[in-house]
Every structure is written in structure tokens, then in C-alpha cells.
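Read through the structure below, which is laid out as C-alpha cells, and then see the notes.
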Amino acid sequence: MILKNKVIVFLGNTRYDSPIQATSLFIARNLSKYNKVFFIDYPFTMKDYFDYKRTDKLKDREGKFSLSSDGLMDTDLPNLKIVITPPVLPINFLPEGRIFRFLLKINEQLIASRLKHIFKKQGIKDFIYINSFNFHYPEVVKGLNPSLKIYHCVDPIIVPYDKKHGLISETQLLKDSDLVICTSKALYNEKKLANSNTYFVPNATDSTVGQLSLAAGLPDHERVAGLKKPIIGYLGTIERRINYDLLEKVILAHPDKSFVLAGPVSEGFLPDSFKSYPNVHVIGSVPYDEVPQMIKSFDVAIIPFKKDEVSNTIFPIKLFEYMSAGKPVVASDFNEDLKDFTRNSVEYCGDASSFSRAINSALLNDSEVKIEERKALAKENTWEQRSEQISEIIGLHLNPVIQSSVIGEKANLNFLVNN
């Protein structure tokens with residue numbers, strides 16, 4: 001890894017103990033192998049403080065909220081520390097304008113003051129700053145003078161809550177950042193118009209998922225163990241990006257198969273009709289440490305996303321998680337770029353009929369050779385490798401000798417898109 005013995009501050013878009021593991025945490029963990037990394041926990045608002053009263057989530061943080069605390073929490077990795085900030089003002093309900101931006105600066109100063117406390121206590125004078133898709137706080141390090149400011153863009157801004165102020169704040173982030181890293185080609189093509197130092201580094205998989213799911217003697221997950229085989233499984237958030245019309249047609253075409261939808265269910269998206277099908281099982285969230293066992297339980301893994309201008313920007317983490325377990329994958333053709341990374345090992349389908357045929361083919365024609373091919377492809381796309389690639393990009397921009405020729409160097413880095 002090029003990047004070593006540096007101090008890196010992450011402002012992520014998740015909480016460190018979220019049941020869904022985020023891209024930012026995977027990268028932070030890998031960069032902490034050779035660097036000191038501070039991961040800022042997604043700030044609690046004062047409203048959150050009362051909403052989470054008497055919960056374990058709050059108890060774990062409460063002693064760190066004080067302005068006199070450094071807010072630091074240890075992790076299982078010695079160089080990775082979680083930073084708990086004081087509760088901030090809940091302001092997203094306000095209309096865009098001067099009042100909102102004034103109060104936003106107060107919130108950002110609360111976060112910045114926590115960093116100043118840590119820097120002073122630990123004698124830190126230089127650091128790299130990565131804002132990983134937390135456009136809610138675009139100017140946290142203004143005045144702290146990091147050696148490099150990076151914006152890590154992992155998704156389009158489409159949720160109404162995020163869009164209310166996020167579109168303006170993200171524009172600000174793109175302008176103020178020294179470089180931008182995107183997780184899909186579509187995002188790359190969009191963001192490079194605002195910042196010429198934009199790179200494409202796709203999502204990947206946690207290498208331990210495949211290893212654990214392949215462990216000898218690992219039984220099917222207890223929540224699906226009694227279901228009729230074969231099991232056609234989806235693991236992930238059940239929300240707007242799923243093509244429910246396609247999926248319903250596939251379910252009706254396969255009454256002999258069990259369809260498992262595993263993951264948190266966003267309100268208002270899952271059709272009521274799905275609850276009436278005897279072969280559909282919506283089982284809710286799966287703790288991250290149980291993900292390998294759940295994937296192991298699937299006979300075919302699916303990604304039935306809509307094909308639209310939003311899904312074109314999605315590079316799903318679950319793709320390589322499925323493949324690392326050797327599972328056959330059937331997906332809708334929502335993002336053409338995925339074929340560049342999966343070669344001929346994944347079936348991408350344009351309609352319910354081809355999706356159904358692909359499921360049957362996967363069940364009938366799978367083999368040890370194909371399983372090994374999928375596992376090998378997943379090994380080429382791990383978070384360890386992505387972190388190496390991000391490390392190299394950062395190293396290019398940190399080195400004043402190389403920095404002037406960064407644009408020329410892009411052509412030599414096979415993980416960058418430069419057209």
C-alpha cells in the first residue's frame with residue numbers, strides 16, 4: 001500500500017454499529033492497517049438523543065457526547081478509532097436558505113471542535129480528509145487545513161430527505177474537494193464535469209464473507225432452513241430500486257421454488273400482493289455476521305433492480321458477496337458496466353421471461369468449474385484491492401513531484417476510467 005503512516009479522517013454516511021456495513025467502513029478498516037484512521041460516527045441530532053433514550057445504541061455513546069470528551073471509541077483494529085461527536089441541531093426540516101446554512105455552520109463547528117480536541121491531545125498536525133457521501137456536512141474541515149480533501153461519491157442523491165439540501169451541499173463538496181472518487185462509471189461521468197480530478201473505483205466484497213459461507217458443515221440459516229428447495233434469494237434493502245413488477249412475474253412463474261427477500265424493508269415499496277404468495281418469504285434484516293450463512297442458504301442469488309437513470313449509477317456490493325460464495329447470480333440489466341467486471345459469469349436479463357430462464361439454467365447447469373470461476377472473480381474485487389487503489393490515487397495527489405503529472409498517470413492505472 002502506497003499510503004502509510006498517515007492520519008486519515010473519515011466522515012461517513014453511516015453509524016459504526018449500523019446493521020448494514022457501508023463502503024466507507026470497509027475502506028476505513030483497510031486503510032487503518034498502515035495508517036491511523038479516525039471514523040466520525042454519523043452525528044446524532046438532539047432529536048435522535050431523545051428518540052434513542054434507554055437504547056443500547058445511545059448508552060454506548062452517551063459518555064462521549066460531552067464537549068469536554070475526545071469522543072474516541074476503540075475498535076477491534078488498533079489504528080481505527082470511532083469519533084463520537086456532540087449531538088447536533090436537527091435542521092433538515094428547514095427550507096433551504098440563510099437560516100439553514102447558518103445553523104449548518106454551527107453543526108459543522110461542533111464536529112470540527114471534536115477533531116481539534118483530538119488533534120491537540122494527540123499532537124496531530126497533518127491529516128487527510130475523506131467525506132464519504134456525507135453531503136449533509138459539506139464544510140466540516142473548513143479552517144482545519146487538511147493536506148488533501150476527498151469526496152467519495154457512492155450513490156446518486158434521490159431520497160427526498162437528502163435532496164432537500166443535499167444537491168446544493170454536494171455541489172459545494174465537488175467544488176471544494178481536491179479529488180473525487182466515484183463507485184460507478186455513471187457517477188464518474190457526471191462528477192468529472194464539476195471536478196477534473198475525478199476517479200472511478202467500484203464497490204467490492206468483504207473477502208471474509210465468501211470464506212465463511214464456504215466453511216465445511218455450515219448449515220442453512222435457521223430462518224430459511226425449513227423452506228422448500230431450491231431457494232432463490234435476494235439479500236439487501238427492500239426499497240425503490242427493486243423491479244417489483246419483474247420479480248412478481250418471476251415468482252408466479254416458479255411456484256415450485258422458494259423466494260427469500262432478506263433485508264430491511266423500506267416502508268411503502270413492497271407490494272401487498274407479495275404477502276399472499278406462499279412461496280415468498282420476507283424475513284427482515286440479517287445481522288452482518290450472519291450474512292455468509294444466509295448467502296450459503298441460497299441456491300441462486302438474484303439482483304432484480306429497475307433499469308432507469310438512477311440504477312445505472314449503482315454498483316451493488318452484494319454482487320461480489322454472492323460470487324465470493326460461489327453462488328450463481330441472476331440480475332436485471334440495470335447497469336451495463338457490471339459486465340466489464342463479471343465477464344460471462346453473471347446472467348443479466350432484460351425481462352421476466354429471460355430472468356426465469358436464467359434461474360432455471362443456473363439450477364440445471366451449475367458446475368464446480370463455474371463455482372470456481374465466480375469465486376476467482378470475487379477475489380479480484382475485494383475491499384483490500386479497492387483500498388490499495390484508493391491509496392495509490394491519494395499517494396499521487398500527495399506527492400508534489402508526481403502531482404503535476406497525475407492526469408498522465410491516470411492512463412496507467414487500470415482501475416481508473418478516463419474517457
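Start at 1 with the first residue, then count along the sequence.
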Please tabulate, for side-chain N and O atoms in residues 72-83, each donor-acceptor pair with protein atoms closer than 3.5 Å (sequence neighbours left out).
from : atom 1 : to  : atom 2 : distance (Å)
D74  : OD1    : K81 : NZ     : 2.7
T75  : OG1    : L77 : N      : 3.1
T75  : OG1    : L77 : O      : 3.0
T75  : OG1    : L80 : O      : 2.8
D76  : OD1    : R29 : NH1    : 3.0
D76  : OD2    : R29 : NH2    : 2.8
N79  : ND2    : S32 : O      : 3.3

For [X] versus [Y], what's the shortest heavy-atom pair and its separation?
X    : Y    : value
D337 : A186 : OD2-N, 4.3 Å
Y234 : P304 : CD1-CD, 3.7 Å
K149 : P146 : CG-CG, 3.4 Å
F127 : L144 : CE2-O, 3.6 Å
L270 : I238 : CD1-CG2, 4.1 Å
L235 : K318 : O-CE, 2.6 Å

Indicate whether any N or O donor in one side chain lies under 3.5 Å from an N or O acceptor in the other, for [X] and [Y].
X    : Y    : answer
N203 : T23  : yes
S353 : D351 : no
N30  : R386 : no
K192 : N195 : no
Q172 : E139 : yes
Y151 : E170 : yes
R101 : S169 : yes
E248 : S273 : yes
K370 : N344 : no

Walk me through whether F135 and F133 qualify under ring pair (Phe, Tyr, Trp, His ring centres under 6.0 Å). CA-CA 6 Å; F135 41 80; F133 205 55; 4.9 Å; yes

Do K142 and D176 pass the salt bridge (Lys or Arg N to Asp or Glu O under 4.0 Å) test, and can you show the C-alpha distance, the side-chain angles, and the key distance before you say yes or no? CA-CA 10 Å; K142 187 175 182 179; D176 294 344; over 6 Å; no

Check: [X] side chain, [Y] main-chain N or O, donor-acceptor pair, under 3.5 Å:
X    : Y    : result
N35  : L31  : yes
S332 : F305 : yes
K164 : E96  : no
T342 : L338 : yes
N365 : S361 : yes
R61  : K57  : yes
S207 : T382 : no

Quickly, which of I232, D299, V280, I231 forms a side-chain contact (heavy atoms from CB on, under 4.5 Å) with S258? Name it, please. I231

Evaluate the side-chain hydrogen bond (donor to acceptor under 3.5 Å, both in side chains) criterion for residues Y199 and H397: first the C-alpha distance (whole Å), next the side-chain angles of each, then the deciding distance (0.1 Å), finally the verdict. CA-CA 12 Å; Y199 298 80; H397 283 266; 2.7 Å; yes

Taking the ring of H254 and the ring of Y277, is the distance between their centroids below 6.0 Å? no

Whether K327 engages the ring of F298 as a cation-pi pair (distance to the six-membered ring centre under 6.0 angstrom, angle to the ring normal within 45°) should be assessed. no

Hey, can you tell me if H165 and F100 have their rings parallel, tilted or perpendicular (30° and 60° cut-offs)? parallel

Extract all donor-acceptor atom pairs below 3.5 Å that involve side chains of residues 214-227 and protein atoms in other chains or at least two apart in sequence.
from : atom 1 : to   : atom 2 : distance (Å)
D220 : OD1    : K296 : NZ     : 3.3
D220 : OD2    : K229 : NZ     : 3.3
H221 : ND1    : R223 : N      : 3.1
H221 : NE2    : E290 : OE1    : 2.7
R223 : NH1    : S285 : O      : 2.9
R223 : NH2    : I283 : O      : 2.0
R223 : NH2    : S285 : O      : 3.3

Less than 3.5 Å apart, which donor and acceptor atoms pair up between the side chains of residues 5-16 and the rest of the protein, not counting sequence neighbours?
from : atom 1 : to  : atom 2 : distance (Å)
R15  : NE     : Y42 : O      : 3.1
R15  : NH2    : P43 : O      : 3.3
R15  : NH2    : D48 : OD2    : 3.2

Could you check whether K185 pairs with D340 (Lys NZ or Arg NE/NH1/NH2 to Asp/Glu carboxylate O, under 4.0 Å)? yes

Output, in order, the C-alpha distance, side-chain angles, deciding distance and verdict of side-chain hydrogen bond (donor to acceptor under 3.5 Å, both in side chains) for N335 and Y348. CA-CA 9 Å; N335 185 345; Y348 296 99; over 6 Å; no

So F315 and F341, ring pair (Phe, Tyr, Trp, His ring centres under 6.0 Å) or not? Walk me through it. CA-CA 10 Å; F315 201 108; F341 294 86; 5.2 Å; yes

